[in-house]
Amino acid sequence: MTPGSRKVAVVGVALSDCGRVDDATPYALHAQAARRALADAGLGREMVDGVASAGLGTLAPVEVAEYLGLRPTWVDSTSVGGATWEVMAAHAADAIAAGHAKAVLLVYGSTARADIRAGRRTGNLSFGSRGPLQFEVPYGHTLIAKYAMAARRHMLEHGTTIEQLAQVAVQARANAALNPEAMFRDPITVDDVLSGPVIADPFTKLHCCIRSDGGAAVLLVAEELVRDCRTAPVWVLGAGEHVSHSAMSEWPDFTTGPAAVSGRLAFERAGVRPEEIDFAEIYDAFTYMTLVTLEDLGFCGKGEGGAFVEKGRLLVRGGELPVNTDGGGLSAQHPGMRGLFLLVEAVRQLRGEGGERQVWGPDGPGELPRLGVASATGGWFCSSGTLVLGRD
């Protein structure tokens, strides 16, 4: 097979223990997720010649590879916040297609919740005050405030209401109720969201993601290895990445995120249109992220996100476009850079492993979905990675 002509498939996905994990280190969660993903694929670790990881240690992924007993000949430590894993998956797919690797493991683990609970760290309100950020710090911009300001701009320009934003949280929780692995499953209402404590106007507590522990792993391989795997392949059909800004003052339009570029590229490279997608996994650290990314990906027009989400369209059961089928970062789990969890859930859906939350294809129950999209955002809408995935 000529290098560059290889197709690339995801053949193994897994989560570590997630939610409340008080007795594990981040390294242990990495290892647990990695072992489970390899077992899912039915491949031994000797097959892995590529490792991608970020967010742990001084020399990620060197330390992670050593802990896992791997000696890769291809590595990636790209770190662009929550979008890291979709960007890494795109890089891994390119490397495999070019013949630079045959099996690449993406792996992540974090004890973000347990560390705060045990006093090993505190909650970070910002990412520091060096570089371009120094010009914003004097004005008190916290991380959450940056998202809140963007949401307010969308409300001002397009008439988006706080009730519409709350619907994103309500529907995420309804999907989480179908997921036995979700951290929070009890139903919530729009009134519950609106009556919560204000975190950063207009966001109340339930507009914001939960804090959890957990890890995830995804194994991508060259097509010639697919026949040796125990799972049905999920193919990487197209990918796109984009960075928009660092300082908020350099963001041209608070109502358009970087997914507007990464999504367009991913769809073009996959040769599909947004209307052909059966479900979407979208990074949702805050409700506004879901709404604006739906617009950016072309599922509705600019400024129409509020009307799009308020009719129950994001629900696994009865929704026109099921979104965050596991409950997302708003209800299922959010241990930090959550983009890898989007890929795990997308693959499970395409393989028909969703259980009660399984999404069906256009012809209804019994027909598996054929196309899904995973789109993650990093920083404060600074970066985006989007992947279109499909099954045979």
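Checked for salt-bridge contact, Asp253 and Arg153 miss the test: no charged N lies under 4.0 Å from a carboxylate O. A salt bridge does not link Arg20 with Asp213: every distance from a Lys NZ or Arg NE/NH1/NH2 to an Asp or Glu carboxylate oxygen is 4.0 Å or more. We find that Arg113 and Asp22 are joined by a salt bridge, their nearest charged nitrogen and carboxylate oxygen being less than 4.0 Å apart. The residues Glu224 and Lys7 are annotated as not salt-bridged, no charged nitrogen and carboxylate oxygen being separated by less than 4.0 angstrom. Under 4.0 Å is where a charged nitrogen must lie from a carboxylate oxygen, and between Glu295 and Lys302 at least one such pair does. A salt bridge between Arg36 and Asp17 is present, with a side-chain N of the basic residue lying under 4.0 Å from a carboxylate O of the acidic one.
Formation of a donor-acceptor pair under 3.5 Å by the Asp40 side chain with backbone atoms of Val13 is found in this model. Checking side-chain atoms of Ser77 against main-chain N and O of Ser53 turns up no donor-acceptor pair under 3.5 Å. Although no hydrogens or angles enter the test, the distance criterion places no donor-acceptor pair under 3.5 Å between the side chain of Glu250 and the main chain of Ala247. The backbone N or O of Met155 lies less than 3.5 Å from no partner atom in the side chain of Thr160, so there is not a single donor-acceptor pair. In this structure a side-chain-to-backbone donor-acceptor pair under 3.5 Å is missing from Glu281 to Ala374. Between the side chain of Asp278 and the backbone N or O of Pro369 there is no donor-acceptor pair closer than 3.5 Å. Within the 3.5 Å criterion, the main-chain N or O of Gly301 finds a donor-acceptor partner in the side chain of Glu304. In this structure a side-chain-to-backbone donor-acceptor pair under 3.5 Å is missing from Glu276 to Leu371.
By the side chain to side chain contact (heavy atoms under 4.5 Å, CB included) test, Gln171 is found to be paired with Gln167, Leu314, Leu315, residues two or more places apart in sequence or in another chain being considered. Partners of Ser246 under the side chain to side chain contact (heavy atoms under 4.5 Å, CB included) rule, at least two apart in sequence or in another chain, are Pro132. Remark: Phe184 pairs with no residue by the ring-ring contact (aromatic ring centres under 6.0 Å, His included) rule, at least two apart or across chains. Leu59 pairs by the side chain to side chain contact (heavy atoms under 4.5 Å, CB included) definition with Val62, Glu63, not counting sequence neighbours.
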Dump the intermediate steps for side-chain contact (heavy atoms from CB on, under 4.5 Å) on Val309 and Thr290, then the final yes or no. CA-CA 9 Å; Val309 302; Thr290 302; 5.6 Å; no
Take Thr386 and Glu86, measure what side-chain hydrogen bond (donor to acceptor under 3.5 Å, both in side chains) needs, and give me the verdict at the end. CA-CA 6 Å; Thr386 303; Glu86 279 67 24; over 6 Å; no
Determine whether Lys205 and Asp192 satisfy the following criterion, salt bridge (charged side-chain N to carboxylate O under 4.0 Å, His left out), listing intermediate values before the conclusion. CA-CA 10 Å; Lys205 181 178 179 180; Asp192 291 331; over 6 Å; no
Step by step, would you call His91 with Glu241 a side-chain hydrogen bond (donor to acceptor under 3.5 Å, both in side chains)? CA-CA 10 Å; His91 296 175; Glu241 56 194 88; 3.2 Å; yes
Go through Ile210 and Leu330 one step at a time and tell me if the side-chain contact (heavy atoms from CB on, under 4.5 Å) criterion holds. CA-CA 6 Å; Ile210 63 178; Leu330 292 170; over 6 Å; no
Test salt bridge (charged side-chain N to carboxylate O under 4.0 Å, His left out) applied to Asp186 and Arg173, step by step: CA-CA 7 Å; Asp186 292 338; Arg173 182 62 62 86; over 6 Å; no
Check against side-chain contact (heavy atoms from CB on, under 4.5 Å), Glu310 and Glu163: CA-CA 8 Å; Glu310 69 180 348; Glu163 290 81 8; over 6 Å; no
Does Thr78 form a side-chain hydrogen bond (donor to acceptor under 3.5 Å, both in side chains) with Asp76? I'd like the steps, not just the answer. CA-CA 6 Å; Thr78 298; Asp76 189 4; 2.7 Å; yes
I would like to know whether Lys311 and Glu320 meet salt bridge (charged side-chain N to carboxylate O under 4.0 Å, His left out); could you show each step before the answer? CA-CA 9 Å; Lys311 302 298 184 182; Glu320 296 174 24; over 6 Å; no
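Taken from CG in Leu133 to CE in Met248, the straight-line distance is 11.0 Å, to the nearest 0.5 Å. To the nearest 0.5 Å, the span separating CG on Asp326 from CZ on Arg348 amounts to 8.5 Å.
Residue pairs meeting the ring-ring contact (aromatic ring centres under 6.0 Å, His included) criterion with at least one partner in residues 282-306, sequence neighbours excluded, are Tyr147-Phe286, His154-Tyr288, Phe203-Phe286, Tyr283-His334, Tyr288-Phe381. Sorted by first and then second residue, the pairs that involve residues 92-112 and meet side-chain hydrogen bond (donor to acceptor under 3.5 Å, both in side chains), not counting sequence neighbours, are Thr111-Asp115.
Ile96 has its side chain out of reach of Glu223: every pair of non-hydrogen atoms, C-beta onward, lies at least 4.5 Å apart. Counting only heavy atoms from C-beta outward, the side chains of Leu105 and Leu68 approach each other to under 4.5 Å.
Heavy atoms from other residues, nucleotides or ligands lying under 6.0 Å from CZ of Arg185 number more than 12. Other residues, nucleotides and ligands place no more than 12 heavy atoms under 6.0 Å from the CZ atom of Arg45.
Each of Glu345, Arg351, Glu353 was checked for a side-chain hydrogen bond (donor to acceptor under 3.5 Å, both in side chains) with Gln349, and the lone residue meeting it is Glu345. Among Val347, Val104, Leu343, the single residue meeting the side chain to side chain contact (heavy atoms under 4.5 Å, CB included) criterion with Val218 is Leu343.
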